[in-house]
Colleague: 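Below is one structure. I have some questions about it.
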Amino acid sequence: MKGLIKEKLETLLREKYSLEGLNYTIEEPKDRHLGDLATNVCFLLSKHLKKPPSVLAEEMAKELSNEDFQAEPLRGFINFRFSEGRIKEGFRELLNLASNYYFEDIGKGKRLQVEFVSANPTGPLHLGHGRGAVVGDALYRLLKAFGYDVVREYYINDAGYQVYLFGLSILYRVYELFGKEDQELKEKFEEEGYKGNYIKELAKDVKAFFGEEVLGWDREQAIEKLGEYGVKRMLEDIKETLAFMGVEFDLWVSEKSLHQRGLVENVIKLLEEKGYTYTQEGALWFKSSNFGDDKDRVLVRSDGTPTYFAGDIAYHYYKYERGFDGVINLWGADHWGYLPRLKGALKALGIPEDWLKVEFVQMVKLFSGGKEIRMSKRTGEFITLRELLEEVGVDAVRFIFLTKRSDTPLDFDIDLVKQNTAENPVFYVQYAHARVRGVFREVRQRFGIDPDKESLTEYTEHMKDQQGLELMKKLLFFKDTLRDAVLSLSPHLIVYDLLEIAKLFHNYYNHHRVMVEDKSLMMGRLSLLKGVEIGLKVGLNLIGVNAPERM
RNA sequence: GUGCCCGUAGCUCAGUUGGAUAGAGCGUGGGUCUCCGGAACCCAAGGUCGGGGGUUCAAGUCCCCCCGGGCACGCCA
């Protein structure tokens with residue numbers, strides 16, 4: 001709908017004022033009584049033409065109005081109001097195309113990769129990962145719907161010191177179970193080990209599976225073995241939890257495998273050849289400070305092992321080689337300081353600046369009994385994502401994680417969501433969908449009809465209610481919102497429109513009976529409801545929440 | 001200490017290429033039902049947009065300072 005006005009406005013600007021590329025806005029006015037859409041173009045124009053905005057608005061509005069919309073000047077703004085005819089024409093298009101009405105080919109087959117979650121396989125997923133999973137999945141669905149060719153990827157950090165510590169922690173708990181003392185191990189564990197209860201669970205399984213055999217292993221060998229075992233187990237757990245919440249990945253890339261395939265070595269060699277490295281104190285450094293980072297970073301430690309950073313450069317270089325047109329990474333906000341060095345490395349390798357986009361997902365703070373529940377892998381107690389999902393339901397968790405921009409922290413009061421499940425906004429939207437479906441069920445039962453889109457389109461004209469027209473408009477505008485959501489990679493915008501559509505619908509429903517004597521009017525109202533159904537379903541599908549037939 | 005992010009109604013949050021009288025949900029108070037799903041609807045109260053200065057025709061939005069909260073500053077990942 002915005003496009004309609006923009007087109008007309010551009011033509012006028014070009015022909016009458018010979019101006020192009022002006023950075024004006026077309027958006028819904030704060031006060032809905034003023035019109036459906038409004039533009040501030042006259043304020044910007046007045047600088048160029050040295051005429052007051054109000055005068056410009058007057059003269060432009062006269063030329064803009066047509067059969068599709070009325071343009072009215074007011075204090076320098078131009079307000080637009082769509083004609084009933086135009087709204088209904090748009091609405092018939094919506095009914096005809098169904099969900100396809102909302103999707104357009106913005107991506108044109110561009111190949112994108114979205115990397116998200118990528119939680120370390122040394123512990124279960126926590127809420128922050130869940131938020132990343134929900135946002136990443138919604139982003140994937142959104143991009144895919146708009147014509148991008150998208151691959152979802154999970155990078156498994158199954159290498160390095162953390163895996164060693166993980167194995168060590170398991171071994172410590174296993175020894176504990178057998179009553180075996182190892183002072184050195186104990187000290188190391190207390191200093192750096194993972195203290196979570198899940199380690200104890202793993203240790204029990206190890207005891208049951210390997211038995212006394214473990215005690216016979218050399219300590220270092222045991223740590224390595226148990227680290228591997230633990231990673232495998234945690235990965236299974238992570239996959240299961242993600243599957244439980246309906247999040248899938250196309251590819252799981254193991255950091256370890258990058259090392260084994262020599263990709264890390266290759267990329268280090270590449271940087272060396274370009275002269276962006278040097279050796280100091282036995283370690284190999286990358287000159288990241290030449291590329292916008294505040295200091296240089298180690299690629300290969302003095303003991304000869306490559307760092308996580310080196311592996312990550314290789315991973316991204318490998319992504320680039322695979323031919324992606326762009327890559328979107330979702331990172332926890334605690335990785336903010338890591339971005340300059342990775343960007344720097346990619347720049348050094350000649351990869352275009354805007355190829356990698358990083359979206360930050362801020363942490364989720366969990367509250368219970370008015371107190372924050374701390375989540376830490378190192379210090380022990382925390383609520384896992386799985387527990388939360390089982391407690392409040394997948395749909396509610398997904399919805400709530402998307403009610404806020406992902407790059408700002410989110411407070412999640414578990415008591416509130418648990419107690420007031422029925423008050424949760426997700427049910428409000430789902431209820432609207434179920435209600436619409438209920439009406440169609442009832443119509444079939446009472447009148448034995450199941451109207452197809454041809455007859456509904458035909459009767460759209462008979463829907464005369466003012467509130468219904470507002471609802472139609474909102475459903476058409478939803479298309480503009482989805483477009484904005486894709487272009488700004490902001491899936492949370494969808495949620496707010498869903499709530500508004502649901503609200504307008506519930507309002508309409510409470511004031512207008514559908515099954516009335518006048519069969520034309522009934523069909524007209526059913527056509528409106530069909531549009532609501534389509535819009536809600538599209539939105540809910542995009543955020544991965546069920547659109548239930550009944551509740 | 002340095003850098004970055006955040007501070008909007010009692011609570012959780014929208015509003016971010018600067019636009020009109022700052023919005024929603026929850027909570028609170030009042031009301032709506034002979035009726036297709038009351039998990040609903042309507043109305044109301046509730047705001048120095050952390051504070052101060054500046055830029056602008058126009059600032060929640062941009063700039064500076066201050067206050068408060070968070071995160072990052074490893075040869076961890």
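Just so it is clear, the model here is predicted, and its values are computed rather than measured. So you know, we letter chains A, B, ... as the sequences are listed, proteins then strands, and number each from 1.
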Colleague: Would you state whether a donor and an acceptor, one from the side chain of A:T403 and one from the base of B:C13, lie under 3.5 Å apart?
Modeller: no
Colleague: Students often get this wrong, so: under 4.0 angstrom with heavy atoms, is A:A432 touching a base, only sugar-phosphate, or nothing?
Modeller: nothing
Colleague: Considering Watson-Crick and G-U wobble pairs with both distances under 3.5 Å, what does B:A14 pair with?
Modeller: none
Colleague: Check for me whether A:K519 meets the cation-pi criterion with A:Y459, that is, NZ or CZ under 6.0 Å from the six-membered ring centre and within 45 degrees of the ring axis.
Modeller: no
Colleague: Please determine whether any donor N or O and acceptor N or O are separated by less than 3.5 Å between the side chain of A:N23 and the base of B:U17.
Modeller: yes
Colleague: Report yes or no: is the ring centroid of A:F77 under 5.5 Å from the six-membered base ring centroid of B:A20, with the two planes under 30 degrees?
Modeller: yes
Colleague: Which of the following nucleotides, B:A20, B:G19, B:G37, is nearest to the side chain of A:N40?
Modeller: B:G19
Colleague: Would you classify A:H512 as touching base, sugar-phosphate or nothing, given that sugar-phosphate means primed atoms plus P, OP1 and OP2, and contacts are heavy atoms under 4.0 Å?
Modeller: base
Colleague: Applying the Watson-Crick and G-U wobble criteria at under 3.5 Å, what pairs with B:G3? Answer none if nothing qualifies.
Modeller: B:C71
Colleague: Walk me through it: do A:Y431 and A:F427 pass the test ring-ring contact (aromatic ring centres under 6.0 Å, His included)?
Modeller: CA-CA 6 Å; A:Y431 180 52; A:F427 290 97; 10.0 Å; no
Colleague: Establish whether the base of B:A20 is bridged to the side chain of A:N79 by a donor-acceptor pair shorter than 3.5 Å.
Modeller: yes
Colleague: Which nucleotide in the set B:A77, B:C57, B:G37 lies at the smallest distance from any side-chain heavy atom of A:K47?
Modeller: B:C57
Colleague: Quick check on A:Q280: does its CD atom have over 12 non-hydrogen neighbours (other residues, nucleotides or ligands) under 6.0 Å away?
Modeller: yes
Colleague: A:Y161 near the nucleic acid: base, sugar-phosphate alone, or nothing, with a heavy-atom cut-off under 4.0 Å?
Modeller: sugar-phosphate
Colleague: Got a sec? Which of residues 306-317 of chain A come in under 4.0 Å of RNA chain B, heavy atoms?
Modeller: A:Y308
Colleague: Using purine N1 to pyrimidine N3 plus N6-O4 or O6-N4 for Watson-Crick, or N1-O2 and O6-N3 for G-U wobble, both under 3.5 Å, which nucleotide pairs with B:G38?
Modeller: none
Colleague: Taking atom types as modelled, find out whether A:D395 and A:Q430 have a side-chain donor-acceptor pair closer than 3.5 angstrom.
Modeller: yes
Colleague: Please classify the nucleic acid contact of A:L74 as base, sugar-phosphate, or nothing, using heavy-atom distances under 4.0 Å.
Modeller: base
